[in-house]
Amino acid sequence: MTDRDARHRRAMQKLKSHVDERIAEASEQRGQLLVFTGNGKGKTTAAWGTVTRALGYGYRVGVVQFIKGTWECGERERLIDDANLEVAIMGTGFTWETQNRDADTRACQTVWSEARRLLADPNVYLVVLDEITYMLKFGYLDIDEVLEALNGRPAEQTVIVTGRNAHRRLIEVADTISEMQEVRHAFNAGLQARRGIDY
């Protein structure tokens with residue numbers, strides 16, 4: 001064994017020992033609040049990956065889609081027949097330019113009532129609030145009301161929040177925050193979103 005190999009082995013043993021210590025220290029069991037934010041691609045996709053994982057273990061899952069719900073979604077199409085999955089969609093979509101703020105507000109409040117029901121159900125293991133950050137940014141939902149529902153949820157329930165520009169108060173209370181950073185995006189080079197890859 002060379003000196004380099006020996007150094008590598010010692011470094012790996014030290015790393016394993018450190019990881020083992022951290023695992024031993026992690027003694028708390030409860031649901032978590034995860035925030036997937038940032039300007040990069042993949043926030044909703046990561047959330048659907050976790051949905052698939054939870055369903056794979058037979059847990060009940062609720063997904064509330066605040067913007068992309070009217071769009072095609074391959075993950076939703078694949079999983080929708082799972083009896084443990086419930087999906088609520090903001091049926092009107094979202095105008096973005098707020099040509100009809102009243103209609104957007106009503107649509108948001110309707111789907112938010114479904115989200116609150118899921119957040120209060122102790123039998124729902126995972127709730128995804130997809131693109132809810134936009135509803136907070138544009139004032140369709142009140143941050144105090146959202147935090148009250150998150151804080152009052154069952155202790156074993158995990159929630160994933162997705163979307164750009166996550167509200168600072170969500171960031172403050174989150175257990176895990178993952179920021180997707182855009183390094184390069186094909187759309188900026190004129191490539192269209194691709195079915196089965198981007199949606």
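Position 1 is the first residue of the sequence; numbering continues from there. Only a predicted model underlies this, so the values are computations on that prediction, with no experimental measurement involved.
Side-chain contact check for C73 versus Q65: some heavy-atom pair is nearer than 4.5 Å. Put simply, the side chain of I160 reaches to within 4.5 Å of the side chain of F36, judged on heavy atoms. Taking the side chain as every heavy atom from C-beta outward, L150 and V173 never approach each other to under 4.5 Å. The shortest side-chain heavy-atom distance between W112 and D142 does not fall under the 4.5 Å cut-off. Between R164 and K137 there is no side-chain heavy-atom pair separated by less than 4.5 Å. With contacts defined as side-chain heavy-atom distances shorter than 4.5 Å, the pair F66/V111 qualifies. The shortest side-chain heavy-atom distance between V35 and T176 does not fall under the 4.5 Å cut-off. Side-chain contact check for V51 versus L126: some heavy-atom pair is nearer than 4.5 Å.
Judged purely by distance below 3.5 Å, without hydrogens or angles, the side chains of T133 and N165 never pair a donor atom with an acceptor atom.
Salt-bridge check for R153 with D121: failed, with every basic side-chain N at 4.0 Å or more from each acidic carboxylate O. Taking 4.0 Å as the cut-off between side-chain N and carboxylate O, E131 and K43 do not count as a salt-bridged pair.
Using a 4.5 Å cut-off between side-chain heavy atoms of Ile, Leu, Val, Met, Phe, Trp and Tyr, with links allowed through other members, I132 and M180 fall into different hydrophobic clusters.
Across every non-hydrogen atom of G62 and L118, the tightest pair is CA-CD1, 3.9 Å.
Formation of a donor-acceptor pair under 3.5 Å by the T37 side chain with backbone atoms of G163 is found in this model. A donor-acceptor contact shorter than 3.5 Å is absent between the side chain of D130 and the backbone of T44. In terms of modelled atom types and a separation under 3.5 Å, the side chain of Q32 and the main chain of E156 share no donor-acceptor contact.
Atom OH in Y125 sits 13.0 Å away from atom CG in N84 (nearest 0.5 Å). Distance check, rounded to the nearest 0.5 Å: CG of L33 to CD1 of I171 gives 9.0 Å. The distance from the CD atom of Q109 to the CE atom of M90 is 10.0 Å, given to the nearest 0.5 Å.
Crowding of R78 atom CZ: a count of heavy atoms from other residues, nucleotides or ligands under 6.0 Å not exceeding 12. No more than 12 heavy atoms of other residues, nucleotides or ligands sit less than 6.0 Å from atom CG of D3. Open room surrounds CD on E148; 12 or fewer heavy atoms of other groups in view lie less than 6.0 Å from it. The environment of Q192 atom CD is sparse: at most 12 non-hydrogen atoms of other residues, nucleotides or ligands sit within 6.0 angstrom.
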Worksheet item: Can L136 and V146 be said to form a side-chain contact (heavy atoms from CB on, under 4.5 Å), step by step?
Response: CA-CA 9 Å; L136 294 166; V146 171; 3.8 Å; yes
Item to complete: Evaluate the salt bridge (charged side-chain N to carboxylate O under 4.0 Å, His left out) criterion for residues E114 and R117: first the C-alpha distance (whole Å), next the side-chain angles of each, then the deciding distance (0.1 Å), finally the verdict.
Response: CA-CA 5 Å; E114 293 297 310; R117 179 181 56 76; 2.8 Å; yes
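Taking the centre and axis of the six-membered ring of Y59, the NZ or CZ atom of R53 falls outside the cone set by 45° and 6.0 Å.
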